[in-house]
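One structure is given below, encoded as structure tokens.
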Amino acid sequence: INRGISGQTTPQMLVRFRADVINLKPKAVIILAGTNDIAGNTPFRNLETVLGHLSSMAELASQNEIKVIMCSILPAADYPWRSGKNPDIQIPLLNKMIKDYSQKNGFYYLDYFSSMTNSNSGLKKEYGNDGVHPNISGYRLMSEMLLKALKEVL
């Protein structure tokens, strides 16, 4: 069940996590979030706060016997609608934090970033038209990677 809402940030996701995930009793949850935080769609504090929201979602899921797949944030060299937020620096830093957290806590870490990034920490042109959002080729790659992850987790 896709419960994603375009443009939402991690605090918004955390508020609805019980209703949208826990109460539906899925076997697994895929958590892919953080780029909208960095973009400043809601007031951005710091990467640690974003990781805290992601961690809270993962821990809530785990406590409710839901397998957790933590995803890296997709690459972005800049946000066309909000330039100057340095996602090319912030995203790799947050991805490392997510990976370290996942490994420490036994959650599956799905690394989209490494497969989709160019030499500027941006999204490869073949995977997106605006440098941020995946196109059909990007989603195909992500789907293949996610299906493999789900097989391993389940």
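Note that this is a predicted model, so its numbers are computed, not measured.
- Atoms CG and NE2, on L51 and H53 in that order, are 10.5 Å from each other to the nearest 0.5 Å.
- A side-chain donor from one of S83 and D78 sits under 3.5 Å from a side-chain acceptor of the other.
- Between the CG atom in L154 and the NZ atom in K151 there is a gap of 11.0 Å [rounded to 0.5 Å].
- Under the 3.5 Å distance criterion, with hydrogens and angles disregarded, no donor-acceptor pair is assigned to the side chains of N36 and T9.
- No donor-acceptor pair under 3.5 Å is formed between the side chain of N120 and the backbone N or O of G122.
- A 4.5 Å side-chain heavy-atom check between L74 and P134 finds at least one atom pair inside the cut-off.
- In this structure a side-chain-to-backbone donor-acceptor pair under 3.5 Å is present from S72 to F113.
- At distances below 3.5 Å, at least one donor-acceptor pair connects side-chain atoms of S102 with backbone N or O atoms of I98.
- Interatomic distance, K96 NZ to L47 CG, rounded to the nearest 0.5 Å: 12.5 Å.
- Side-chain atoms of I69 and V153, non-hydrogen and from C-beta on, do get closer than 4.5 Å to each other.
- Judged purely by atom type and a 3.5 angstrom limit, N105 has no side-chain atom pairing as donor or acceptor with the backbone of F107.
- Using a distance-only test at 3.5 Å, with no hydrogens or angles considered, a donor-acceptor pair links the side chain of S143 to the main chain of Y139.
- Side-chain atoms of N64 never come within 3.5 Å of backbone atoms of I66 as a donor-acceptor pair (strictly under, hydrogens ignored).
- Between the R3 side chain and the V21 main chain, no donor and acceptor come within less than 3.5 Å of each other.
- Rounded to the nearest 0.5 angstrom, Y79 OH and N86 CG are separated by 10.0 Å.
- Between the side chain of D88 and the backbone N or O of S121 there is no donor-acceptor pair closer than 3.5 Å.
- Among L93, N95, L94, the one residue that satisfies the side chain to side chain contact (heavy atoms under 4.5 Å, CB included) test with I91 is N95.
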- [ ] Determine, step by step, whether K27 and E65 satisfy the side-chain contact (heavy atoms from CB on, under 4.5 Å) criterion, reporting the C-alpha distance in whole Å, the side-chain angles of both residues, the deciding distance to 0.1 Å, and the verdict.
- [x] CA-CA 8 Å; K27 292 181 182 178; E65 300 178 7; over 6 Å; no
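- Side-chain atoms of Y127 and S115 include no donor-acceptor pair closer than 3.5 Å.
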Open item on the list: Please determine whether side-chain contact (heavy atoms from CB on, under 4.5 Å) holds for the pair M142 and M145, giving the CA-CA distance in whole Å, both sets of side-chain angles, and the decisive distance to 0.1 Å.
Closed with: CA-CA 5 Å; M142 292 172 71; M145 294 174 74; 5.7 Å; no
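- With hydrogens and angles disregarded, a donor-acceptor distance shorter than 3.5 Å links the side chain of N41 to the backbone of G7.
- Atom CG in L146 sits 11.0 Å away from atom CG in L141 (nearest 0.5 Å).
- Atom CZ of R45 has 12 or fewer heavy atoms from other residues, nucleotides or ligands within 6.0 Å.
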Open item on the list: Between L32 and M70, does the side-chain contact (heavy atoms from CB on, under 4.5 Å) criterion hold? Intermediate values first, please.
Closed with: CA-CA 7 Å; L32 170 56; M70 300 289 286; over 6 Å; no
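- Interatomic distance, E152 CD to L110 CG, rounded to the nearest 0.5 Å: 9.5 Å.
- Counted by atom type alone, E59 and S56 present zero donor-acceptor pairs between their side chains at under 3.5 Å.
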TODO: Would you please test I30 and V68 for side-chain contact (heavy atoms from CB on, under 4.5 Å) and show each step?
DONE: CA-CA 6 Å; I30 296 93; V68 176; over 6 Å; no
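- Residues passing the side chain to side chain donor-acceptor pair (under 3.5 Å) test with Y112: none are found, sequence neighbours excluded.
- Proximity of R18 to L60: side-chain heavy atoms (C-beta onward) are separated by under 4.5 Å at one or more points.
- A salt bridge is defined here as a Lys NZ or Arg NE, NH1 or NH2 lying under 4.0 Å from an Asp or Glu carboxylate O, and D100 with K104 fails to meet this definition.
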